[in-house]
Amino acid sequence: MATDAPSTLRVQLVEQPRLQKLKEMFLSKFGTAPEFYVRAPGRVNLIGEHIDYCGYAVLPMAIEQDILIAVKPVKSQVVQLANTNSSYLDFSTNVNNIQINKTKPQWHNYFLCGLKGIQEHFGLNNPTGMNCLLDGTIPPSSGLSSSSALVCCAGLVTLKANGKTLSKVELAEICTKSERYIGTEGGGMDQSISFLAEEGTLLAKSKGLDWKNMLRLHDVQTGLGVSLAEMLTVVEAELHPEPYSREEISECLGISLEELRSQVLTQNTQDVSTFKLYQRAKHVYSEAARVLQFKKICNEAPADAIQLLGELMNQSHISCREMYECSCPELDRLVDICLQFGAIGSRLTGAGWGGCTVSMVPTDKLNTFMKNVKKAYYQSDVQRLAPENNSLFATKPGSGALVFVEA
Ligand code: GLA
């Protein structure tokens with residue numbers, strides 16, 4: 001249950017080669033054995049893109065690839081961080097002087113986000129120091145949330161090292177906020193949030209709602225008290241596919257251009273001159289409906305469930321590409337190749353504009369699928385990432401964050 005604290009498992013290290021190896025490396029690095037280990041998985045979003053911040057449910061799945069950290073609390077107030085991958089340099093700092101570099105964040109800055117989040121939550125005056133050795137298996141920069149997994153792992157490490165407890169929900173909330181220390185909210189994502197919020201506000205005005213208090217498209221649906229299918233009809237009736245100019249928007253809202261700039265547009269959209277309100281709203285409401293359908297199919301498991309789920313994933317990709325415009329030629333090409341070689345559904349996942357795709361592939365076709373996709377996508381262009389760097393992999397739904405102690 002989500003209200004529970006993350007589990008602690010007692011394990012025999014002889015049965016856990018990865019933990020055993022990490023313990024040996026820890027011993028040779030720090031001269032003592034770790035006291036406990038924490039793992040946090042990466043994740044992939046199966047369906048529901050760019051709708052979480054509009055107030056709608058999404059369907060992410062934890063992957064098997066993770067961040068694993070071996071930890072030994074120490075008496076000094078120093079945190080020493082090391083990584084099994086030698087390209088990530090050692091780092092150490094005093095726990096009372098956490099500085100997070102936003103401009104050129106290195107791996108340890110993500111650890112510090114989780115550390116700081118927990119310290120601040122409990123107002124820890126005398127936080128413990130610790131030695132930590134990290135081993136990561138999530139391909140970096142691939143849109144699989146390796147940085148979030150590191151923040152979450154560090155949050156749980158700090159919690160445990162300081163003898164505190166929190167529920168998984170509380171931990172998730174703290175780690176979401178603390179990742180902002182590194183400026184994760186900045187960039188393309190922010191713009192999308194602001195953009196959609198404004199779309200909601202428009203629609204709301206046209207239907208006679210109090211649009212100034214509506215920040216998300218979900219608020220408009222709730223305000224109107226209609227279904228997602230009906231919201232799509234509202235979009236068709238109230239918005240036009242041609243992009244809206246600033247002038248047209250201010251006219252619709254009955255406010256001046258200056259009021260639009262200062263009261264409606266956020267910092268990130270100050271310079272935007274046209275707004276594709278129809279397309280963005282259509283994506284959000286149709287994607288939210290697809291998530292509900294996906295969940296219903298999983299619950300009811302009809303005979304053709306797999307085909308239906310695949311079809312929803314494909315529709316999601318088309319909507320991301322055409323309506324939300326968060327795909328790119330490489331993602332479209334990869335999706336096409338995956339479908340060509342046996343995926344039942346395939347789509348971009350995560351923020352988009354690069355990143356990665358997720359495909360649903362029958363187990364008996366997996367080997368040929370992997371071989372053919374590697375060949376068709378990677379070997380056709382020497383510029384692409386080499387396939388041996390784990391950028392193409394199979395995964396089943398993995399478990400959430402855990403603590404391990406040696407039995
Ligand atoms: C990023 C964000 C998520 C979500 C996706 C798009 O990955 O971190 O919260 O908004 O983009 O679905």
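Being a predicted model, the structure only gives us computed values, none of them experimental. Whatever order the structure lists them in is the order used to number ligands and atoms, beginning at 1.
Figure legend: cation-pi geometry between Lys72 and Phe30 absent, as NZ or CZ is not positioned both under 6.0 Å from the six-membered ring centre and within 45° of its axis.
The contact set between ligand 1 and Tyr53, taken as ligand atoms under 4.0 Å from a residue heavy atom, comprises 10 (O). Under a 4.0 Å criterion applied to the non-hydrogen atoms of Asp52, ligand 1 contributes the atoms 3 (C), 4 (C), 9 (O), 10 (O).
The shortest N/O to N/O separation between Asn45 and ligand 1 does not fall below 3.5 Å.
Screening residues 230-249 for ring-ring contact (aromatic ring centres under 6.0 Å, His included), with sequence neighbours left out, gives His240-Tyr244. Every pair tested for ring-ring contact (aromatic ring centres under 6.0 Å, His included) that includes a residue from residues 126-174 fails, sequence neighbours excluded, so the list is empty.
When atom types are taken as modelled, the side chain of Ser319 and the backbone of Ser316 share no donor-acceptor pair closer than 3.5 angstrom.
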